[in-house]
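The next block holds one structure in the form of structure tokens; read it before the comments.
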Amino acid sequence: MIKAITGTNDILSEDSYKWRELEKLVNKVMSLYNYKEIRTPIFEETALFSRGIGDATDIVSKEMYSFIDRSGVSLTLKPEMTASVARAFIEHSLDKKQSLSKLYYISPMFRQERPQAGRFRQFHQFGAEAIGSQSPLLDAEMIIIAYDIFAKIGLTNLKVKINSLGVTESREVYKDKLKEYLLPHFNNLSEDSKKRFDTNILRIFDSKDDKDQSIMRDAPLLMDYLDNISLEHFHIVKEVLEKSNVPYEVDPKLVRGLDYYCHTTFEIVSGSVGSQSALCGGGRYDGLIEQLGGKPAPGVGFAAGIERLLLACKNENVFDIKEDPLDVYIILLDSELKNKAFEAMLELRRDGLKADADYLSRSIKAQMREANKYNSRFTLFVGGDEYKNGEYLLKDMSEGNQFLFKTSDMKGLIKKIRE
RNA sequence: GUGGGAGUAGCUCAGUUGGUUAGAGCGUCUGGUUGUGGCCCAGAAGGCCGUGGGUUCAAGCCCCAUCUCUCACCCCA
């Protein structure tokens with residue numbers, strides 16, 4: 001039997017309705033904040049991601065779905081969206097069309113990781129990017145958008161964590177200090193952290209190893225090495241969040257994995273999912289556009305994982321929405337009338353009512369059970385004495401009342417259903 | 001890439017120290033008289049017990065391999 005690829009999922013109809021509603025909500029909120037949708041290709045040149053995200057990250061070095069196409073070019077299924085949006089921004093000279101580009105997206109992403117709770121190989125993210133301004137108001141806006149969407153969904157077990165990485169220069173100074181501090185402890189670090197010492201030393205703060213944690217407890221903090229401009233930037237972000245009623249905590253150990261981040265970084269984590277608790281993450285990337293060959297332009301953005309979000313919803317018992325019930329289910333009493341019944345049903349549908357009927361020539365009992373399964377508000381009986389008298393019988397399924405309508409009076413029948 | 005757990009009906013799971021025709025609940029389908037659902041009742045369909053080897057007179061159960069799912073590490077949304 002052929003099965004779906006490991007780490008990919010079919011979204012069956014019970015769930016796809018929920019996905020659609022979530023997407024509607026995202027579209028709505030993004031439009032309130034005046035972000036415009038951008039759709040980029042599923043695959044890009046591999047070089048875009050190795051330059052944008054950073055060669056040292058695991059995402060680029062071993063988790064990308066890369067392949068050589070027939071013309072010999074290395075292509076990659078997008079593992080994240082920021083690099084793609086940045087590429088499109090440069091390619092279409094969006095900076096010349098307007099001073100600030102506020103963009104959002106909903107899109108599948110691909111990473112060849114080992115699947116676990118809330119993590120898949122094809123997964124979906126929505127997110128936003130604002131390119132063209134250094135304003136800390138935008139950093140805060142990103143956090144607020146994500147927070148607003150999560151709140152509208154009904155999630156409560158959330159924590160907003162923010163931190164500042166400052167500018168590159170002060171961060172490099174700090175990295176040296178950290179190296180200096182860690183060197184005497186090097187042999188006591190976990191194997192993973194020994195590797196991180198060279199590749200991405202800041203991420204040792206994220207280690208779940210107890211020994212690492214105790215070593216890092218006394219490590220110097222980046223916050224203490226930030227220059228005044230970075231501190232001021234961060235201060236404004238915090239101030240805006242407070243005034244916007246977004247509860248947050250500063251986590252000086254929150255460092256993000258992607259190379260392009262600077263200044264503000266943030267995550268919103270949920271206590272309702274497993275170990276993959278970050279529902280969204282993001283930050284500022286003032287150097288990225290230039291690094292990808294564009295004219296320097298500052299940017300900030302975030303991405304949220306849809307599968308994780310829905311997992312959190314399931315565990316918190318929120319956003320449990322069901323598809324609208326059927327308005328009418330047609331019950332065919334005389335099989336000779338099936339064309340007539342189909343016509344009537346079509347008329348209902350074309351008038352905007354959700355209607356369906358039995359296509360398997362089943363018994364009346366079976367048809368009624370089917371109507372009930374779809375939670376149909378009404379059933380319409382076609383046939384029998386009523387039809388001989390030129391009438392249809394309409395039954396209200398919750399009350400049990402029945403009403404007669406002239407077959408010529410579809411308007412009256414429709415009006416009754418709409419009441 | 002590393003480690004733990006699990007694969008029996010559409011779903012959730014039972015299957016005793018290996019021993020005849022493999023079970024339940026839910027779901028599905030059909031009925032419970034002439035044209036009416038939900039509740040209830042009855043019946044039916046549906047399984048090469050993940051796959052391939054092995055041990056044995058005998059394997060769903062024991063052994064090996066393999067695949068898949070799952071959780072955690074790594075990494076990250």
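Each chain gets a letter, A, B and so on, in the order its sequence line appears, and its residues count up from 1. If you're wondering where the values come from, they're calculated on a predicted model, not measured in any experiment.
Proximity of residues 276-288 of chain A to RNA chain B (heavy atom under 4.0 angstrom from any strand atom) is restricted to Q276(A), A278(A), L279(A), C280(A), G281(A). For the contact set between residues 136-156 of chain A and RNA chain B, defined by any heavy atom under 4.0 Å, there are no members. Near RNA chain B, meaning a heavy atom under 4.0 Å away, the residues from residues 308-340 of chain A are R308(A), L333(A).
Within 4.0 Å (heavy atoms only), E307(A) reaches no atom of the nucleic acid at all. A371(A) comes within 4.0 angstrom of no nucleic acid atom, judged by non-hydrogen atoms across all strands. A303(A) comes within contact range of the sugar-phosphate backbone alone, with a heavy-atom separation under 4.0 Å but no base atom that close. Note on K3(A): only backbone sugar-phosphate atoms sit closer than 4.0 angstrom, heavy atoms only; bases stay farther off. Using a 4.0 Å heavy-atom criterion, one finds that Q112(A) contacts no nucleic acid atom at all. Residue D206(A) is out of contact with every strand shown, counting any heavy-atom pair closer than 4.0 Å.
Across all strands shown, U36(B) forms no Watson-Crick or G-U wobble pair with both key distances under 3.5 Å. Pairing partner, C73(B): G1(B), with both Watson-Crick or wobble hydrogen-bond distances short of 3.5 Å. With a cut-off of 3.5 Å on both pairing distances, the Watson-Crick or G-U wobble partner of U30(B) is A42(B). Across all strands shown, C48(B) forms no Watson-Crick or G-U wobble pair with both distances under 3.5 Å. Of all nucleotides present, only G54(B) satisfies the Watson-Crick or G-U wobble test against C62(B), with each distance under 3.5 Å. In this structure U68(B) sits in a base pair with A6(B), meeting the Watson-Crick or G-U test at under 3.5 Å. The partner of C11(B) is G25(B), judged by Watson-Crick or G-U wobble contacts that both fall below 3.5 Å. Across all strands shown, U16(B) forms no Watson-Crick or G-U wobble pair with both key distances under 3.5 Å.
Using a 4.0 Å cut-off, some side-chain N or O of R196(A) falls inside it from OP1 or OP2 of C75(B). The side chain of T379(A) places no N or O atom within less than 4.0 Å of a non-bridging phosphate oxygen (OP1 or OP2) of G37(B). At least one side-chain nitrogen or oxygen of K208(A) sits closer than 4.0 Å to the OP1 or OP2 atom of C73(B). Taking 4.0 angstrom as the limit, T6(A) places a side-chain polar atom (N or O) nearer than this to OP1 or OP2 of C69(B). For U28(B), the OP1/OP2 oxygens have a side-chain nitrogen or oxygen of K373(A) closer than 4.0 Å. Under 4.0 angstrom from either OP1 or OP2 of C76(B) there lies no side-chain N or O belonging to R119(A). For Q116(A) and A72(B), the shortest distance from a side-chain N or O to OP1 or OP2 is below 4.0 Å.
Rounded to a whole angstrom, the distance from the C1' atom of C61(B) to that of A45(B) is 28 Å. Between G3(B) and A77(B), the distance separating the two P atoms is 26 Å to the nearest Å. Nucleotides C57(B) and G18(B) have their C1' atoms positioned 12 Å apart, rounded to a whole Å. U17(B) and C13(B): their C1' atoms are spaced 23 Å apart (whole Å). With C1' as the reference atom, A59(B) and U20(B) are 14 Å apart, rounded to whole Å. With both ends at atom C1', the span from U8(B) to G50(B) equals 10 Å, rounded to whole Å. With C1' as the reference atom, C64(B) and U56(B) are 16 Å apart, rounded to whole Å. For the P atoms, the distance from G19(B) to G53(B) is 23 Å, rounded to whole Å.
Residues K211(A) and D209(A) are not paired through a salt bridge, judged by the lack of any N-O separation under 4.0 Å between the basic side chain and the carboxylate. Look at R121(A) and E113(A) and you find no salt bridge, because none of the NZ, NE, NH1 or NH2 atoms lies under 4.0 Å from a carboxylate O. Salt bridge annotation for K416(A)-E419(A): present, with a cationic side-chain nitrogen under 4.0 angstrom from a carboxylate oxygen. In summary, D327(A) and K354(A) do not engage in a salt bridge, as defined by a charged side-chain N under 4.0 Å from a carboxylate O. Look at D176(A) and K179(A) and you find no salt bridge, because none of the NZ, NE, NH1 or NH2 atoms lies under 4.0 Å from a carboxylate O. Ion pairing between R20(A) and E23(A) fails under the 4.0 Å rule for side-chain N and carboxylate O. R418(A) and D351(A) are joined by a salt bridge, as a carboxylate oxygen and a charged side-chain nitrogen come within less than 4.0 angstrom of each other.
Closest approach of H263(A) to S230(A), counting heavy atoms only: CE1-OG, 3.4 Å. What you find for I306(A) and F126(A) is that their closest heavy atoms are CG1-CD2, 3.8 Å. Residues N389(A) and K406(A) share a closest heavy-atom pair of O-NZ, 3.6 Å. For the residue pair V273(A) and N315(A), the shortest heavy atom distance occurs at CA-ND2, 4.1 Å. Closest approach of P79(A) to T76(A), counting heavy atoms only: CD-CG2, 4.4 Å.
Closest approach to the I364(A) side chain among U36(B), U30(B), G37(B) is made by U36(B) (side chain taken as heavy atoms from C-beta onward). Among A77(B), G38(B), U36(B), the nucleotide with an atom closest to any side-chain atom of Y261(A) is A77(B). Minimum atom distance to the side chain of S275(A) is reached by A72(B), of the listed C75(B), G37(B), A72(B). Of the candidates C76(B), C75(B), G31(B), the closest approach to any side-chain atom of R111(A) belongs to C76(B).
One can place CZ of R203(A) at 13 Å from C1' of C73(B), the figure rounded to the nearest angstrom. When the C1' atom of C71(B) is taken as reference, atom CD of E113(A) falls 15 Å away, rounded to whole Å.
Residue-nucleotide stacking is present for F123(A) and A77(B), judged by a side-chain ring centre under 5.5 Å from the six-membered base ring centre and planes under 30° apart.
Listed by chain and residue number, nothing satisfies the side-chain hydrogen bond (donor to acceptor under 3.5 Å, both in side chains) test with K3(A) (two or more places apart in sequence, or in another chain).
The neighbour count for L32(A) CG, taken as heavy atoms of other residues, nucleotides or ligands under 6.0 Å away, is above 12. A 6.0 Å sphere centred on NZ of K314(A) holds no more than 12 heavy atoms belonging to other residues, nucleotides or ligands. Open room surrounds NZ on K338(A); 12 or fewer heavy atoms of other groups in view lie less than 6.0 Å from it.
Here the two rings, on F186(A) and F197(A), have centers that are under 6.0 Å apart. The ring of H124(A) has its center no closer than 6.0 angstrom to the ring center of F120(A).
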Enumerate all atom pairs, one protein N or O and one N or O from nucleotides 47-49 of chain B, separated by less than 3.5 Å.
none

Look for any protein N or O under 3.5 Å of an N or O in nucleotides 3-13 of chain B and output each such pair with its distance, or none.
none

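Sequence order on RNA chain B of the closest nucleotides to F120(A) and G274(A) puts G274(A) first from the 5' end. Mapping P115(A) and I268(A) onto RNA chain B via the closest heavy atom, the residue that lands nearer the 5' end is P115(A).
S214(A) OG to D218(A) CG: the interatomic distance, rounded to the nearest 0.5 Å, is 8.5 Å.
Using modelled atom types and a 3.5 Å distance limit, the side chains of E141(A) and Y35(A) yield a donor-acceptor pair.
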